[in-house]
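Only one structure is covered here, and it is reproduced in the block below.
Throughout, a chain's letter reflects where its sequence line sits, starting with A, and its residues are numbered from 1. On a predicted model such as this, the values are computed, not experimentally measured, just so you know.
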Amino acid sequence: MSMILLIEQLLNGLQSGLMLFLMAAGLTLVFGVMGLINLAHGSLYMVGAFACAGVAAATGSFWLGLAASIAAAAAAGAIVEVAVIRRLYRRDHLDQVLATFALILIFSEGTRWLYGSFPLYLNVPEALSGSVTLPGGIRYSLFRLAIIGAGLAVAVGLFLLIGKTRIGVQVRAGEADREMIAALGVDIRRLYTLVFALGAALAGMAGALVGTIQSVQVGMGEPVLILAFVVIVIGGIGSIKGALIGALLVGLTDTMGRVLLPSVFELFMETSAATSVGAALASMAIYILMALVLIVKPGGLFGARA
Amino acid sequence: MSALLDVEDLHAAYGASQALFGVSLRIEEGQALALMGRNGMGKTTTIACITRMMAASGGRISFAGHDLARLPSHKAARLGLGLVPEGRRAFAGLTVRENLMAAARKGEWTIEKVCDLFPRLAERARQRAETLSGGEQQMLVIGRALMTNPKLLILDEATEGLAPVVRAEIWAAIRELKAQGQSILVVDKSLRELAAVADDCVVLERGRDVWHGPPEALSGELAQRYLGV
Amino acid sequence: MNRAQIVNAALALGLLGFGLVAWAMGETFLVTLATKVAILAIAGAGLNLVLGFGGLVSFGHAAYFGLGGYSAGILAHHALNYTPMFEWPFLFEGTTSMPVIWITAMVIGALAAALIGALSLRTTGVYFIMITLAFGQMIFYFAISWPAYGGEDGLPIYVRNGFPGLNTLDPVQFFGLTCAVLFAVLGLIAMLAHSRFGLALQAARQNRQRLMAVGIRPGGVLLVAFVISGAITALAGALYADLNRFVSPSMLSWHLSGELLVFLILGGTGRLFAPLAGAGLYITLEHLLGGVSDHWQFFFGLLLLGVVLFARGGVIGFLAGGKRHG
Amino acid sequence: MADPILDIRGLSKSFGALKATDDVSLDLRPGEIHALIGPNGAGKSTLIKQISGEIAPDAGEVVLRGRSLAGIDAAGRARMGMARSFQVSSVAPEFTVLQNVVLAAQGASGATFRFFRPVMRDAGLLQTARDCIAQAGLSGREAVPAAELAHGERRKLEIAMALALKPALFLLDEPMAGMGTEGATALGDLLDALRHRAPILLVEHDMDAVFRLSDRVSVLVYGRVIATGTPDEIRTDREVQRVYLGEEA
Amino acid sequence: EPVKVGMITTLSGGGASLGIDTRDGFMLAVEEAGNPELEVVIEDDQRKPEVAVQLSDELIQSEEVDILTGIVWSNLAMAVVPGAVRQGKFYLSTNAAPSQLAGKGCHENYFSVSYQNDNLHEAAGQYATDEGYGSMFIMAPNYPAGQDSLSGFKRFYEGEVASEVYTQLGQTDYAAEIAQIRDSDADALFFFLPGGMGISFMKQWAEAGIDMPVVGPAFSFSQDILPAIGEAAVGVKNTAQWSKDIDNEANAAFVAAFEEKYDRLPSLYAAQGYDTARLILSAMEKAEVSDADAFREAIRAAEFDSLRGKFSFGPNQHPVQDIYVREVISEDGTLTNKIAATAMTDRGDAYAEECKM
Ligand SMILES: Nc1ncnc2c1ncn2[C@@H]1O[C@H](COP(=O)(O)OP(=O)(O)OP(=O)(O)O)[C@@H](O)[C@H]1O
Ligand SMILES: Nc1ncnc2c1ncn2[C@@H]1O[C@H](COP(=O)(O)OP(=O)(O)OP(=O)(O)O)[C@@H](O)[C@H]1O
Ligand SMILES: [Mg+2]
Ligand SMILES: [Mg+2]
């Protein structure tokens with residue numbers, strides 16, 4: 001493999017990591033900071049993508065679609081929090097698992113009801129289509145660069161929100177002792193609704209952006225859910241920095257695994273078998289990575305809590 | 001003039017087991033009331049009802065002219081209740097500074113002022129609360145309650161686990177706060193210290209208020225009977 | 001009998017009664033459905049031991065379920081196709097005998113659980129959830145891309161394996177056999193829960209620091225529970241393979257791990273009969289709603305949501321009241 | 001003088017730049033109550049944790065009855081007779097009082113991997129547990145779940161659990177905190193009686209109790225022992241008065 | 001005597017569009033025929049093998065169906081078919097036709113009405129050979145169907161394989177693969193990425209702006225997903241045994257009727273469903289289903305007006321048929337396929353010899 005290709009693949013790995021971070025950002029907030037196990041995160045991602053595709057098709061404007069995706073997911077998030085999640089904070093974590101599992105079914109089937117079973121069309125807007133040439137002659141899709149930008153912006157925003165603002169502090173306090181923070185005069189109920197809606201909005205935005213270069217269809221949120229959890233746990237729950245680094249690690253491991261493992265096996269195997277074995281191992285790579293990280297650091301790379 | 005806090009015939013239960021069977025108490029503006037009783041008699045439960053962390057099953061609570069009966073606990077707190085809870089309950093994952101920040105509300109108490117009161121906290125500002133020593137945590141939660149600039153400061157065993165010097169300091173601080181006109185509801189086991197701040201005492205026994213009176217009157221045989229001293 | 005015991009008895013009799021009545025009425029399929037409930041309840045019971053009693057939320061129990069399934073599938077595959085499984089140190093041609101398959105499945109489940117458990121138990125809480133998921137996913141992807149036993153296409157078992165003295169092809173006999181296993185497993189778990197080991201296990205859920213301070217290492221207790229749990233779930237997997245006469249990687253998928261969790265939570269975590277109540281309710285609803293509307297999953301979701309919100313402590317908690325582990 | 005049961009030699013532990021304990025040496029002799037006092041954050045709990053094996057010291061060793069405990073974890077040390085109470089009550093909240101104490105008795109018996117006999121019908125364990133509950137003053141509360149106990153009662157439960165361990169020594173971290181005057185007095189009497197069964201290393205801020213009960217007192221400040229002596233010596237020590245006792249003495 | 005058909009197909013979850021088209025095509029034929037003797041029970045397998053098995057048990061044991069059909073996916077077919085045919089039921093495949101069931105595992109009660117899984121890939125290989133592509137980059141997901149796909153392609157491709165890449169099942173981001181493709185000096189790309197994977201890949205491929213011909217089996221370019229890919233698909237060559245513009249009366253009528261009834265263009269799956277129903281109806285004309293041997297003969301005769309024009313069964317009861325190369329075009333703003341060439345004529349399959357029937 002040529003040097004330039006290797007560099008390009010490293011870039012792809014970083015890029016896919018940032019894309020993962022964008023997909024995981026909402027979950028970082030809801031799961032990492034509020035301490036709520038929300039399996040329906042992927043559904044909110046899907047809601048965003050469908051809202052974007054629907055509005056973009058109706059109005060012809062991707063940007064209106066993007067706005068709609070944020071609004072729709074935030075609204076869905078707020079409704080879900082008020083109607084369901086709010087009743088579960090005091091309960092066992094496991095009740096949250098069951099409730100949000102039920103929400104997955106409701107969202108998926110509800111979306112199918114509204115939009116039918118066929119995948120929707122959503123494509124890169126005119127302004128961001130095509131590619132640019134990076135130094136070294138690497139051609140890179142403009143839209144992907146936009147996704148990278150969005151991922152970085154969200155990372156910085158979240159870092160400031162959670163680490164530096166009073167709201168962030170209060171949310172984390174609520175995670176530690178909800179009853180106590182309320183007894184200090186903080187309206188933790190409303191705060192949680194807001195933060196949950198914000199997390200949902202981020203999921204929705206990721207759904208729209210990532211859905212644009214992938215496919216928009218019912219069930220698109222499920223793989224995202226697992227990946228997002230993997231990213232957050234590797235980084236350490238509650239740490240935005242951790243989530244970002246976790247995402248980059250996962251992105252790199254996945255991409256480089258796919259690219260390099262088959263060639264590694266080719267050294268001592270016949271090509272066809274090597275590609276297949278290499279690919280098999282590559283698909284396990286991120287889970288192996290996660291297991292290794294947790295065995296060595298049981299609280300994730302930057303985890304505050306165990 | 002109506003009292004700052006007026007609790008009448010309070011009843012409360014944990015599930016099926018009743019813990020309060022009619023507790024009444026009043027605190028006037030600027031006064032300090034000591035709530036006393038042996039272990040398990042319902043002091044903490046009474047406080048939980050006042051701060052609306054627990055729903056009373058009967059009786060009336062009014063605070064600063066508001067009926068607390070239907071308010072959620074954050075609204076009750078915003079009326080001016082500042083709680084130092086039993087068992088500390090500092091926000092474990094947050095730093096000292098963040099703990100204080102989380103509770104802050106406008107008023108004369110600021111992080112700086114709290115740190116003046118407890119210099120230890122300034123030294124440990126960036127340490128996570130769960131790794132603080134017990135006494136440091138205790139200082140932190142008192143500071144945290146002050147950060148809300150409360151009309152009524154509620155201290156549930158606030159000097160538990162403090163070194164004598166610090167305890168003396170805290171009592172001095174409490175007396176000072178009192179002198180500045182701060183209203184206080186205090187639960188503590190040290191009669192001597194209580195006597196020095198409290199204007200009034202209420203003794204609980206098995207969820208009932210069995211004795212009201214000034215601290216001086218609670219001595220000898222009475223103290224033996226109600227508190228086992 | 002207290003209320004919890006009455007509910008438990010009703011559940012046990014309900015399952016048996018349902019199967020037998022269905023059989024008497026010639027509704028063979030409903031017997032099969034009841035068998036499926038019983039098998040999933042066994043798997044759930046395995047999970048319940050670590051989750052309900054030990055407080056370990058394993059999100060990777062499909063691994064043991066699937067390993068049990070593949071044990072049955074592979075042994076039967078070799079026996080049915082007359083291709084020896086290995087020839088050294090002795091010739092082994094696979095088997096279609098359930099007892100042998102069960103033992104194999106349980107040993108393999110236990111070994112896998114010992115390995116995965118030993119590594120995973122270094123972590124706690126959500127990290128434990130995710131590391132168990134990670135191991136589950138590794139096995140899943142391995143199974144998908146390993147061609148020898150069908151990969152993602154899976155492995156059919158053309159004829160259900162046999163049990164001495166029974167005709168397992170007769171649905172009602174297989175049903176009876178499964179119920180017997182289920183009740184034996186539940187009995188075993190009840191006994192474990194009340195033993196010294198069970199006391200330590202439940203203490204480990206509540207307060208590991210305290211357990212250490214009384215001289216008991218939580219790690220060892222939890223690992224033993226994890227191994228027993230893996231063996232039980234693998235046994236269920238072997239039965240499930242026989243029920244479907246088919247194994248595939250979907251038995252190893254995280255959806256299945258999730259479903260087992262859902263059964264337990266639905267039934268009431270930590271209750272002995274939670275897996276039976278949860279699996280029974282889930283399968284029944286799925287079956288009934290499936291016929292009502294194309295969008296049955298929507299209503300199914302609403303129903304599940306209703307249960308979480310309004311029936312605290314799951315179905316059994318709702319019916320029997322009181323605290324868990326009472 | 002009898003050989004010490006517990007001998008602590010040069011224990012040091014740092015958290016980052018902070019020396020929580022700094023070359024601490026003390027011992028605990030048969031039949032004595034050795035009180036450990038010091039300002040908040042002086043390192044008392046950290047010292048207890050190093051003795052009980054919850055955290056590993058950076059340097060120094062703990063010797064129990066002449067045997068070094070290096071490499072033995074908290075559970076092992078508990079089985080060798082180190083009974084411990086925690087500064088913040090630590091019990092199994094869903095268990096009843098009786099179950100909690102049975103658990104401790106079971107731990108002491110060393111046999112946990114028994115899968116068949118119901119533990120709550122084990123007459124031996126039950127007998128031990130009931131005795132300990134009575135001694136700690138919790139009789140009548142056996143069937144109450146620990147989560148439902150009032151604060152002071154939970155402290156008593158910790159004492160009962162420590163008793164059930166048939167200990168060689170007690171490490172008690174502020175057992176009187178939150179007990180109430182009456183409870184503290186009663187607990188004091190209990191400790192007074194216990195010392196002859198097993199010596200007690202007592203961390204406590206309740207000076208009445210400390211001076212009434214203890215045979216020796218050590219004062220820990222900023223991780224270092226600044227004074228050890230009889231209660232009277234300590235009470236009158238200028239330095240101790242300044243940094244710890246204040247005007248109370 | 002009535003014939004009861006049990007249809008197990010995917011109507012919910014990922015991939016439901018394929019099942020829905022299968023069902024709609026099948027039911028269109030049933031309704032057109034209006035034969036009161038034919039009764040159809042439809043069940044949703046959620047794309048889960050164990051659900052499919054359970055449904056087949058239900059259909060066989062409770063509904064007592066005579067014929068099963070409808071499964072979209074190979075792994076589900078492997079779960080259901082061997083058991084069903086051994087219980088004396090007929091299974092007519094509307095889509096999935098894994099190699100195991102075509103070779104050693106063939107069965108007299110099992111028919112594939114669609115193709116053998118390898119067929120479309122083989123045709124793509126043949127087409128690549130015909131086009132004179134000297135070297136090809138080939139790619140598929142790493143699971144049995146993907147592995148079969150690449151070996152099917154290589155069976156008829158005579159050029160050189162520049163690179164062979166297995167992606168992950170369910171992968172959604174192909175930046176790394178696209179970089180590899182760009183870097184290779186292959187003449188053309190062959191890929192098999194069904195469903196959402198294909199949509200994602202094609203969009204990203206279009207964004208990358210690489211100028212290389214693309215060939216694939218019809219699955220990523222079938223009518224159900226073409227709209228989601230958009231203009232990016234235009235010009236791509238894909239292989240199929242059916243196309244909307246195959247010129248015969250039955251096909252024209254079918255396309256019109258389908259569009260009329262469901263307000264969308266039919267896909268490959270709809271056509272396969274339709275043909276399967278027509279095959280069953282034709283057999284019912286000739287034999288009673290209770291006489292299994294006669295009914296089997298009637299099916300094997302395949303005397304119905306296939307949408308494909310000519311259609312017959314080979315010795316392993318898999319189709320012998322022509323396979324076309326289609327090109328994606330934009331027709332009045334709608335994306336669809338048009339036949340560009342015939343890749344193979346009267347193609348059976350590679351496994352027929354292994355079948356001892
Ligand atoms: N969470 C709970 N569930 C059930 N009962 C409880 C709970 N908390 C307290 N109780 C019971 O309510 C009664 C009063 O308890 P409370 O905590 O108010 O006492 P207290 O006077 O504050 O005692 P202490 O001095 O020990 O703190 C006790 O009998 C206690 O057992
Ligand atoms: N894990 C940790 N990380 C950082 N600092 C720690 C940690 N644990 C303890 N400390 C610090 O070490 C010092 C000693 O703590 P320790 O709990 O031993 O005090 P203590 O003497 O028991 O005080 P108290 O009487 O208030 O309980 C404190 O300043 C505390 O903040
Ligand atoms: Mg109290
Ligand atoms: Mg301490």
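- Only the side chain of D122(D) has a heavy atom closer than 4.5 Å to any heavy atom of chain C.
- Using a 4.5 Å cut-off between heavy atoms, S109(D) contacts chain C through its side chain alone, with no backbone atom that close.
- Side chains of R208(C) and T124(C): no donor on one and acceptor on the other come within 3.5 Å.
- Proximity to chain D (any heavy atom under 4.5 Å) is shown, for L201(C), by neither the backbone nor the side chain.
- A donor-acceptor contact shorter than 3.5 Å is absent between the side chain of K44(D) and the backbone of I37(D).
- At most 12 non-hydrogen atoms from other residues, nucleotides or ligands lie less than 6.0 angstrom from CZ of F318(C).
- When G110(D), A164(D), A111(D), A162(D) are compared by the number of non-hydrogen pairs under 4.5 Å with chain C, A111(D) comes out ahead.
- Checked by atom type and distance alone, the side chain of D173(D) never pairs as donor or acceptor with a backbone atom of S85(D) at under 3.5 Å.
- The parts of A74(D) that come within reach of chain C are both its backbone and its side chain, each placing non-hydrogen atoms under 4.5 angstrom from that chain.
- Heavy atoms of R114(D) lying under 4.5 Å from chain C belong to its backbone as well as its side chain.
- No other option in V214(C), V221(C), L188(C), I228(C) has as many heavy-atom pairs under 4.5 Å with chain D as V214(C).
- Heavy atoms closer than 4.5 Å to chain C are found in the side chain of L165(D), but not in its backbone.
- In this structure, the side chain of R271(C) does not engage the main chain of A4(C) through any donor-acceptor pair within 3.5 Å.
- In this structure, OG1 in T46(D) is found 11.0 Å from CG in L11(D), a value given to the nearest 0.5 Å.
- Using a 4.5 Å cut-off between heavy atoms, S90(D) touches chain C through backbone and side chain atoms alike.
- Distance CG/L223(C) to CD1/I116(C): 11.5 Å, rounded to 0.5 Å.
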